[in-house]
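The structure under discussion appears below in the form of structure tokens.
Computed from heavy atoms alone, side chains included, the values below leave out hydrogens, waters and symmetry copies. Quick note on labels: first sequence line is chain A, next is B, and so on, each numbered from 1. Because the structure is a prediction, the values reported are computed rather than measured.
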There are 2 protein chains.
Amino acid sequence: MLTGDKISFRDVKNEILGRIHAREWPPGSLMPGEIELAEEFGCARATVNRAMRELAEEGIIDRKRKAGTRVNIAPVRHAKFEIPLVRTEIESLGASYRYAFISRSIDLAPDWLRARICLGPDDQVLHIECMHYANNAPFQFEDRWINITAAPKSMTADFSAISPNEWLVAELPFSEAEISFSASAVDERLARFLSMYHGEPHFLSERVTWLKDLPITFAQMSYGRGYRMTTRY
Amino acid sequence: MLTGDKISFRDVKNEILGRIHAREWPPGSLMPGEIELAEEFGCARATVNRAMRELAEEGIIDRKRKAGTRVNIAPVRHAKFEIPLVRTEIESLGASYRYAFISRSIDLAPDWLRARICLGPDDQVLHIECMHYANNAPFQFEDRWINITAAPKSMTADFSAISPNEWLVAELPFSEAEISFSASAVDERLARFLSMYHGEPHFLSERVTWLKDLPITFAQMSYGRGYRMTTRY
DNA sequence: CAGTGGTCTAGACCACACA
DNA sequence: GTGTGGTCTAGACCACTGC
């Protein structure tokens with residue numbers, strides 16, 4: 001367990017993980033306190049604290065004041081997915097990126113959108129459609145709605161040159177986002193843009209972002225054939 | 001900014017975030033060092049360190065020794081998804097859970113599986129198929145392959161009573177997992193189990209887990225109609 | 001009320017990466 | 001080399017919560 005002369009919080013973490021895996025501290029059981037472990041490992045309590053805090057963040061253990069620390073029975077695993085810019089995503093695949101603008105319009109927010117992101121009946125939205133290509137093959141169709149009240153500057157942005165995705169990240173910080181993934185069938189129009197068949201399954205990502213309770217944007221990203229989202233943990 | 005008499009790492013974090021949002025430290029710029037900030041905020045360096053470390057973990061800033069800390073130009077956002085037991089997932093929706101065993105067999109690992117998770121040509125696998133229901137409606141079809149070499153105990157488990165999902169979580173720790181999501185069309189057999197139409201899109205989740213380079217299990221989870229995976233960040 | 005984790009401090013040394 | 005972040009320490013006080 002010694003990697004050097006001093007005990008690192010990583011050593012402590014690994015040792016604890018090992019004991020949990022070895023069922024030395026079985027799921028549901030109470031682990032020793034920080035002070036006790038610090039003495040056993042010959043390190044400061046802060047070191048044990050950091051190790052255990054990280055394990056708690058990862059969902060391996062559960063900590064409560066006064067009650068102590070327990071090994072989680074069903075460790076709720078967390079998978080972390082990176083949410084990059086489409087361009088970054090494509091370029092990191094080693095492919096060339098191309099952006100294509102499709103349409104732009106300004107409308108009263110349609111009812112379904114008002115309901116979805118809590119807009120008033122008189123709020124106007126900027127509606128953009130565009131495509132993202134990887135090596136000139138259709139990669140993603142972006143259907144973007146921007147709340148003009150929250151982002152008046154979007155009116156003057158030139159979305160024929162820069163994608164709304166990229167413009168928003170650069171211009172508008174957000175405090176909160178909701179993202180969801182599902183599978184859906186492409187309709188006839190979408191099928192043409194993505195070079196797919198009408199009714200073919202596609203991976204759909206929907207995103208809403210807010211800046212302090214003020215809805216900024218709603219987007220539907222439809223991915224082309226064969227897209228998969230992968231992560232390790 | 002003061003929440004009490006002492007400066008918390010949360011205060012520091014919020015203050016830094018505020019300045020980044022206000023473009024006081026624009027994207028790509030070099031931020032002051034830890035010592036300087038600690039002096040400005042009137043707290044210890046460790047406090048600033050923790051604040052900045054968390055911001056770095058969240059992808060907001062980028063830290064390098066000697067080079068200093070910079071605001072990320074394109075903050076790579078991370079979305080965290082919980083990966084619970086199917087049962088837990090269903091119950092937390094307020095629905096009743098039911099498990100149904102379908103089939104069990106022991107075979108030489110098929111070629112596609114050997115290639116997928118790096119098995120030898122003579123390795124045997126336990127193949128289980130089962131269903132998970134929410135309020136008696138089809139929720140998920142689980143197609144599970146277990147590496148017998150890595151998990152000999154699985155041979156004697158009673159998978160007609162407990163789902164492989166649950167058995168594995170309880171019995172076999174893993175050190176690493178890969179998970180991926182995609183959209184696919186249901187084939188004829190799957191359609192019957194999920195009460196869907198042949199060719200209908202469904203959300204597909206694939207998972208591989210390892211224990212120190214030793215592949216343990218591969219699973220395909222096919223979700224029923226309308227499933228969506230959602231998170232906030 | 002008392003015990004456990006949560007956090008802050010002040011100081012120290014180390015490791016890495018840039019010049 | 002030298003400066004910046006990375007980490008450990010020893011000690012202290014606080015806050016929550018179960019008894």
Side-chain angles (χ1 to χ4, degrees), chain A residues 1-17 19-20 25-73 75-76, chain B residues 1-17 19-20 25-73 75-76:
Chain A
M1 182 185 126
L2 291 172
T3 62
D5 37 358
K6 272 193 183 168
I7 306 294
S8 155
F9 74 94
R10 284 168 220 280
D11 300 328
V12 176
K13 209 172 151 182
N14 285 333
E15 177 63 24
I16 292 176
L17 264 179
R19 294 190 188 179
I20 290 176
W25 296 325
S29 66
L30 192 64
M31 296 168 51
E34 293 188 348
I35 302 170
E36 196 176 328
L37 285 176
E39 279 169 7
E40 185 198 331
F41 292 135
C43 64
R45 181 167 83 97
T47 306
V48 176
N49 181 281
R50 174 149 182 203
M52 295 181 92
R53 177 158 35 87
E54 293 197 355
L55 289 171
E57 272 169 15
E58 292 163 23
I60 311 288
I61 60 180
D62 202 28
R63 319 197 74 193
K64 273 181 196 161
R65 288 169 159 142
K66 167 74 182 175
T69 302
R70 288 182 180 281
V71 181
N72 259 342
I73 299 184
V76 177
Chain B
M1 181 185 124
L2 292 172
T3 63
D5 37 358
K6 273 194 181 167
I7 305 296
S8 154
F9 73 94
R10 284 168 220 279
D11 300 328
V12 176
K13 210 172 150 182
N14 285 333
E15 177 63 24
I16 292 176
L17 264 178
R19 293 190 188 181
I20 291 175
W25 297 324
S29 66
L30 191 64
M31 295 168 51
E34 293 188 350
I35 303 170
E36 196 176 328
L37 285 175
E39 280 169 6
E40 184 196 332
F41 292 134
C43 65
R45 182 166 83 99
T47 306
V48 175
N49 182 281
R50 175 150 182 204
M52 294 180 92
R53 177 158 36 86
E54 293 197 355
L55 288 170
E57 273 169 16
E58 292 163 24
I60 311 288
I61 59 180
D62 201 29
R63 320 196 73 194
K64 274 181 195 160
R65 288 172 205 213
K66 170 71 182 175
T69 302
R70 289 182 180 279
V71 181
N72 258 342
I73 298 184
V76 177

Closest contact, heavy atoms only, Pro27(A) versus Asn72(A): CB-O, 3.9 Å
5′-ward residue of the pair Lys64(B)/Cys43(A) relative to DNA chain D: Lys64(B)
Under 3.5 Å on both distances, the Watson-Crick or G-U partner of dA19(C): none
Selected nucleotide, minimal atom distance to Phe9(B) side chain, candidates dT7(C), dC18(C), dT9(C): dT7(C)
Short side-chain N/O contact from Arg65(B) to OP1 or OP2 of dT2(D), under 4.0 Å: no
Leu30(B), CG: over 12 other non-hydrogen atoms inside 6.0 angstrom: yes
Side-chain N,O (Thr47(B)) to OP1/OP2 (dT7(C)) below 4.0 Å: no
Whole angstrom value for the distance that separates C1' of dG5(C) from CZ of Arg50(A): 17 Å
For atom CD1 of Ile35(A) and atom P of dA10(D), their distance in whole Å: 14 Å
Separation of atom CE in Met31(B) from atom P in dG5(D), rounded to whole Å: 9 Å
Separation of atom CD1 in Ile61(B) from atom C1' in dG5(D), rounded to whole Å: 11 Å
Length of the line joining Asp62(B):CG and dT4(D):P, which is rounded to integer Å: 17 Å
Below 4.0 Å: OP1/OP2 of dT4(C) and any side-chain N or O of Arg63(A): no
Stepwise salt bridge (Lys or Arg N to Asp or Glu O under 4.0 Å) test for Arg63(A) and Glu34(A): CA-CA 11 Å; Arg63(A) 319 197 74 193; Glu34(A) 293 188 348; 2.9 Å; yes
Euclidean distance, atom CG of residue Asn49(B) to atom P of dC8(D) [Å, nearest integer]: 11 Å
Least distance between heavy atoms, Met52(A) atom then Ile61(A) atom: O-CD1, 3.5 Å
Integer-rounded Å distance: dT9(D) P and Asp11(A) CG: 11 Å
N/O (side chain, Thr69(A)) to phosphate O (OP1/OP2, dT4(C)) under 4.0 Å: no
Between dA10(C) (P) and Ile7(B) (CD1): distance, integer Å: 12 Å
Minimum-distance nucleotide to Lys66(A) side chain [options: dT17(D), dC8(D), dG3(D)]: dT17(D)
Nearest-nucleotide pick for Arg45(B), side chain only, options being dG6(D), dG6(C), dG3(C): dG6(D)
Candidate nucleotides dG6(C), dC18(C), dT9(C), ranked by approach to the side chain of Ala46(B) - the nearest: dT9(C)
Heavy-atom pair with the smallest gap, counting every atom of Leu17(B) and Ile60(B): CD2-CG2, 4.3 Å
First encountered from the 5' end of DNA chain C, between Gly68(A) and Arg53(A): Gly68(A)
